[in-house]
Amino acid sequence: MIRYALNCQNDHQFESWFQSAEAFEKLHVAGMVTCAVCGGTDVEKGLMAPRIGKDTDVAARPLSAPASPAEQAVAELRKKIEENAEYVGTDFASEARAIHDGDAPERGIYGEAKPDEARKLIEDGVPVAPLPFTPNRKSN
């Protein structure tokens, strides 16, 4: 396992663990390394000092635990959305439009949309907003 300090294009700084340096490179090239704060994919490795001795702060919390107040806030937002809204996957744009037009029952939804689909929803006055995280792909 290797831990990298990472920076996104919006100057957010965060850390993440990878199986190896090669694993990081493979994920990075595939666009799968995203900012823990804004979800952006333009992420680069930052400068890191070597770890000397025992780091009790890192050892005291599991790797899955949020490392900062911003990560904690995103985790809480994700939990609230997943508990109170329906995941509609890649049907998000058509489902959001159907709800807006009154052709589907009104309810909270979240999912995935291509940039041009999201732009069209906004242009048409459909109230949507990007999430600061990538939704878990759930199967129903």
Side-chain angles (χ1 to χ4, degrees):
M1 294 289 287
I2 188 166
R3 179 177 66 174
Y4 286 127
L6 302 170
N7 305 309
C8 82
Q9 66 184 10
N10 295 317
D11 295 323
H12 298 128
Q13 298 177 350
F14 58 101
E15 294 180 346
S16 190
W17 288 86
F18 298 89
Q19 186 175 15
S20 64
E22 294 80 22
F24 168 81
E25 290 303 327
K26 184 177 178 181
L27 292 168
H28 187 255
V29 168
M32 297 179 72
V33 179
T34 60
C35 176
V37 179
C38 69
T41 57
D42 190 1
V43 174
E44 299 296 328
K45 286 191 259 181
L47 293 176
M48 284 193 69
R51 183 173 160 199
I52 300 173
K54 186 175 180 181
D55 187 347
T56 55
D57 182 43
V58 171
R61 66 175 174 81
L63 293 178
S64 60
S68 69
E71 282 186 28
Q72 179 65 37
V74 170
E76 289 171 8
L77 176 63
R78 172 186 220 128
K79 182 179 180 196
K80 184 169 256 182
I81 289 172
E82 289 176 349
E83 288 174 348
N84 296 296
E86 178 186 346
Y87 177 72
V88 294
T90 56
D91 294 334
F92 178 79
S94 61
E95 195 64 26
R97 185 171 305 283
I99 292 169
H100 180 72
D101 293 343
D103 297 332
E106 190 166 324
R107 67 200 188 282
I109 62 169
Y110 68 106
E112 301 162 52
K114 295 177 182 169
D116 58 320
E117 293 173 328
R119 199 171 6 264
K120 184 71 173 136
L121 288 171
I122 292 167
E123 288 170 0
D124 293 345
V126 179
V128 298
L131 297 175
F133 58 86
T134 303
N136 288 333
R137 290 188 162 100
K138 297 179 181 177
S139 58
N140 292 345

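Values reported hereafter were calculated over all heavy atoms of this structure, with side chains retained and with hydrogens, waters and symmetry mates removed.
- Using a 4.0 Å cut-off between a side-chain N of Lys or Arg and a carboxylate O of Asp or Glu, Glu25 and Lys45 qualify as a salt bridge.
- Linking Ile, Leu, Val, Met, Phe, Trp and Tyr whenever their side-chain heavy atoms come within less than 4.5 Å puts Phe92 and Ile122 in one cluster.
- Residues Val88 and Val128 are members of one and the same hydrophobic cluster, defined by side-chain heavy-atom contacts under 4.5 angstrom among Ile, Leu, Val, Met, Phe, Trp and Tyr.
- Note on Ile109 and Val126: same hydrophobic cluster, where clusters join Ile, Leu, Val, Met, Phe, Trp and Tyr whose side-chain heavy atoms are under 4.5 Å apart, directly or indirectly.
- Cluster annotation: Trp17 and Met32 are assigned to distinct hydrophobic clusters (Ile/Leu/Val/Met/Phe/Trp/Tyr, side-chain heavy-atom contacts under 4.5 Å, transitive).
- Panel note: side chain Arg78, backbone Thr134; a donor-acceptor pair is recorded below 3.5 Å.
- Using a 3.5 Å distance cut-off with no hydrogens or angles, the side chains of Glu44 and Tyr4 do not pair a donor with an acceptor.
- Atom CD of Glu123 has more than 12 neighbouring heavy atoms from other residues, nucleotides or ligands inside a 6.0 Å radius.
- Nearest heavy atom pair, residue Leu121 against residue Ala96, reads CD1-CB, 4.4 Å.
- Nearest heavy-atom pair across Cys38 and Asn10 is SG-ND2, 3.4 Å.
- A salt bridge does not link Asp101 with Arg97: none of the charged nitrogens is closer than 4.0 Å to a carboxylate oxygen.
- Of the possible donor and acceptor atoms, none in the side chain of His12 sits under 3.5 Å from a partner among the backbone N and O of Ala36.
- Within the 4.5 Å cutoff, the side chain of Val74 has no heavy atoms near those of the Val37 side chain.
- Inter-residue side-chain proximity for Glu71 and Glu15 is flagged as unmet; no heavy-atom pair is nearer than 4.5 Å.
- The local environment of NZ in Lys26 is sparse, with at most 12 non-hydrogen atoms from other residues, nucleotides or ligands closer than 6.0 Å.
- Under the 4.5 Å side-chain contact rule for hydrophobic residues, Phe24 and Leu27 share a cluster.
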